[in-house]
> 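My structure is below; once you've seen it, I'll send some questions.
Residues: numbered from 1 along the sequence shown.
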Amino acid sequence: MIHFLFGELGYNALPFYSAIATVAASVVVLGAVVVVGSITWLRGWRALWSEWLTSVDHKRIGIMYVVVSFVMLARAVIEACVMRSQQAVAYDSPGFIPPEHFAQLFTTHGTIMIFFMAMPFLIGIYNFAMPLQLGARDVSFPVMNSISLGLTSAGAVLMMISLCLGKFSTGGWTGYPPYTELSFSPGVGVDYWIWALTLSSLGNTMTGINFAVTIYKKRAPGMTLFRMPLFCWTALCISILMIFAMPPLTVATLMLAMDRYLDMHFFTNALGGNMMNYVNMFWLFGHPEVYILILPAFGVYSETIATFSNKRLYGYTSLVWATVSIAVLSFTVWLHHFFTMGQDGSVNAVFGIATMLIAIPTGVKVYDWLLTMFRGRIRLSVPMLYASAFMILFVVGGATGVMLANPGFDYQVHNTLFLVAHFHNMLIPGLLFGMLSAYHYWFPKAFGFRLNEVWGRIIFACWTGGFLLAFMPLYIVGALGMPRRSQEFFEAVYQPYMYVALAGAALVFCALASMAIQLWTSIRNRDSLRVFAGDPWNGRTLEWSIAAPPPEYNFARIPKVDSVDAFYQAKQQRTAWRAPDEYFDIPLPANSPVGFLCCVSGGAFGFALTWHIWWAVVVSALVFFGSIVLRSFNRDTMRIVPSGEVQETEENWLLALSETPPVANEAMFTTANRGLVREPV
């Protein structure tokens, strides 16, 4: 009976195998208790349920995605610091982390940073900003948007539970067989990895469909494709990438699950399978995934550089075609991830050339951004600082990428820390800096007050300095031959560089702590940082034409567009911020619990499969599919915002706008900025 109720779950699943694991699990449990206790103490459960967990408003869903990302970022950064600490004392010494635990750390760190930090962060930013830039009221499928968030959150919850019950996979974030086959990893770690990724990839596939349809169908009147902001173009490209790149990952993880659960041997070489089939499917997803991660940052930088240079984006058309070219070429280069695995020279050469070609449209983008800044009235805001650091650091990472596109050079350094340095050199300036830039840029639009500028600059300095110290030395030790995933090493020449990398990890941790301080300080001083007028950066696109935070319906009247920078042009022509001639009732999608139910049941389904609790598998599957089926019978899916309420909201905002004193550019970052910046003379 006990086995029926709990499957393989028992006392030995508790994290007492290591003091570090015990402390980490205790922190997770304590954090959950504090969150639940705080909500209860503040009597916030009703508001949390009605305004957030069941909301299908794209803005709230976007914010919840970013919250998930920040929670997972905190865990991943701490794990990175622990690994760097281990490597700093690992010269001819086992250190303080045993090899198996170290392998778990680099598996969870990579998995979290790619699937549960980066993806939720960029999807959250797009969810919030993209419909506003399009002049839309919401995405095309609001409930599916909520379900996508639920599935991603369920995968993230599984990752957190794996810290408290059982051990995680030691097979790396890529999950290569045979390391993840049942004979090599009989525990539950690989199963946690499989179901967390499967839930996430299903959610991301639906997000891609949702975003693509929104961009095709929800654009404001007059907004042709070549009048869309660059941020929306990158949204379209990554949506198409997600639609076609996520299914290979889902298929690969499900086939691996069938190998483990049903003894199918798809990837067991000795029994008729072929592990290279897994590697091809994973990287058929994995390299488009690299550009799913980087293209959003390209879109963010295109917005922030134009805004804070006070110039129209130089080379708009070339930037569009460069973005499309990168998206197309990203499907032609996946094989460079396994140049060392035995294919012949001609195949390697084709993929090496394709990899070098993808650097060309990326270079076009960098030159266009530089030319946008040229002779612009540059304001060194925090987003602009991130953009400037990105253009320097990303060029270094791109150059090392071209080096790795040479199969001969790649063969020498593929399994060294040189590759780790390159990978992080692309994704930290190329993804994380871009998302932090977007976070600082759109935060006042989301919450109605700006983030503290001084702490923003401190965070930027810590992230940039930490990145340089943590990863630039890895190029050197990688060229010297230090293997990646090294829990211990025996060459004294590596040790000084590991000390420098540890100092960088400490700075990155300071950046994380500073982000928490900045948020707390900004909330505490929010009255002096308010920007209700809605245009604190002298913006150029439609999201800055409405109040901050935006009303639930976004626009009282759907705007008409006749240029790329529609709002900026309206300000120039003195036609911005005009009241509509007439107000109408606005239909909006009603709240729905389906996304939350899918989150709970999806997480329970993955947990039950991991621990072989078969009754829970059946129950959670029935709840998951039952909630979706029942939703299909619901005909009361819309609610109406009355025209009188719309008129009152808009008139209050327009009155506040008329009473807001405009400030000059030089006062943009002071408390005098209440959301209205005067055009420079």
Side-chain angles (χ1 to χ4, degrees), residues 17-21 24 75-114 167-180 184-185 189-190 193 279 286 337-341 397 400 403-404 409-428 466-509:
Y17 59 92
S18 159
I20 294 175
R75 176 182 168 183
V77 165
I78 292 169
E79 288 176 337
C81 292
V82 172
M83 286 190 288
R84 282 286 171 262
S85 300
Q86 163 64 27
Q87 288 184 319
V89 299
Y91 170 57
D92 206 15
S93 167
F96 60 92
I97 300 178
E100 183 186 19
H101 195 182
F102 188 84
Q104 289 183 57
L105 286 174
F106 72 69
T107 302
T108 54
H109 172 76
T111 302
I112 287 171
M113 290 298 277
I114 297 296
K167 298 179 180 179
F168 200 71
S169 170
T170 59
W173 76 274
T174 54
Y176 282 0
Y179 304 114
T180 50
F184 191 93
S185 297
V190 176
W193 181 86
V279 177
H337 289 275
F338 45 101
F339 275 154
T340 59
M341 292 188 180
T400 59
M403 292 168 64
L404 288 165
F409 180 79
D410 183 88
Y411 195 88
Q412 298 298 316
V413 299
H414 186 85
N415 204 39
T416 72
L417 286 175
F418 189 97
L419 187 68
V420 174
H422 162 71
F423 186 69
H424 287 83
N425 200 166
M426 300 302 285
L427 290 186
I428 292 180
F467 165 76
L468 288 169
L469 291 174
F471 294 104
M472 290 300 136
L474 302 191
Y475 281 123
I476 300 171
V477 294
L480 291 171
M482 183 175 178
R484 49 184 172 147
R485 310 186 185 99
S486 299
Q487 180 263 351
E488 184 178 357
F489 58 89
F490 305 97
E491 296 287 343
V493 70
Y494 303 151
Q495 192 170 27
Y497 298 103
M498 292 297 100
Y499 289 150
V500 176
L502 177 61
L507 262 182
V508 168
F509 182 80

> Please find the pair of heavy atoms, one from Ala76 and one from Met113, that lie closest to each other, and give the distance.
CB-SD, 3.3 Å

> Which atom pair, heavy atoms only, marks the closest approach of Val413 to Thr416?
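The answer is O-OG1, 2.7 Å.
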
> How about Met498 and Tyr91: do any of their side-chain heavy atoms sit closer than 4.5 Å?
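When only atoms from C-beta onward are counted, Tyr91 and Met498 do not touch, as no gap falls below 4.5 Å.
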
> Are Glu491 and Val477 side-chain neighbours, meaning at least one heavy-atom pair lies under 4.5 Å?
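Of all side-chain heavy-atom pairs linking Val477 with Glu491, none is under 4.5 Å.
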
> Ignoring hydrogens, what is the shortest heavy-atom contact between Ala90 and Glu488? Give both atom names and the distance.
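Nearest pair, atom of Ala90 first, then Glu488: O-CG, 3.3 Å.
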
> Look at the aromatic rings of Phe102 and Phe106 and report parallel, tilted or perpendicular, splitting at 30° and 60°.
perpendicular

> What I'd like to find out is whether the side chain of Leu480 reaches to under 4.5 Å of the side chain of Val493, using heavy atoms alone.
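Answer yes - side chains close enough.
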
> Would you say that more than 12 heavy atoms from the other residues, nucleotides or ligands in this model lie under 6.0 Å from the CZ of Phe509, or not?
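12 or below, so no.
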
> Which distance, rounded to the nearest 0.5 Å, do you find between the CG of Leu105 and the CD of Gln86?
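Rounded to the nearest 0.5 Å, the CG-CD separation comes to 9.0 Å.
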
> Which residue is it: Leu474, Leu469, Ile476, Leu468? I am looking for the one with a side-chain contact (heavy atoms from CB on, under 4.5 Å) to Val500.
Leu469

> Can you check whether Leu404 reaches Phe339 side chain to side chain, under 4.5 Å on heavy atoms?
no

> Quick check: closest heavy atoms across Thr180 and Ser185, and the distance to 0.1 Å?
CA-OG, 4.4 Å

> Between CE of Met403 and CG of Asp410, what distance do you get to the nearest 0.5 Å?
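With rounding to 0.5 Å, CE (Met403) is 11.0 Å from CG (Asp410).
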
> Looking only at heavy atoms, which two atoms of Gly397 and Thr400 are closest? And how far apart?
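That would be O-OG1, 2.7 Å.
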
> Is there a side-chain contact between Asn425 and Phe471 in this structure, where contact means two heavy atoms from C-beta onward sitting under 4.5 Å apart?
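With C-beta onward as the side chain, the pair stays apart.
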
> Less than 4.5 Å apart, side chain to side chain, heavy atoms only: is that true for Phe418 and Met482?
no

> For Tyr411, is the OH atom crowded, meaning more than 12 foreign heavy atoms sit under 6.0 Å from it?
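No, the 6.0 Å shell around OH holds no more than 12 heavy atoms from other groups.
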
> Kindly assign one of parallel, tilted or perpendicular to the pair His424 and His109, based on the angle between their ring planes and the thresholds 30° and 60°.
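The arrangement is parallel - the two ring planes meet at less than 30°.
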
> I need the minimum non-hydrogen distance between Tyr179 and Phe184, along with the two atoms involved.
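Nearest heavy atoms, Tyr179 then Phe184: O-CD2, 3.2 Å.
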
> With a 4.5 Å limit on heavy-atom distance, are the side chains of Arg84 and Gln87 in contact?
yes

> Using modelled atom types and a 3.5 Å cut-off, is there a donor and acceptor pairing between side-chain atoms of Gln104 and backbone atoms of Lys167?
no

> Assess whether atom OH of Tyr497 is packed by more than 12 heavy atoms of other residues, nucleotides or ligands within 6.0 Å.
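No, not enclosed.
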
> Look at atom CZ of Phe409 and say whether more than 12 heavy atoms of other residues, nucleotides or ligands are closer to it than 6.0 Å.
yes

> Does a side-chain heavy-atom distance below 4.5 Å link Val279 with Tyr176?
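They are in contact (side-chain heavy atoms under 4.5 Å apart), so the answer is yes.
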
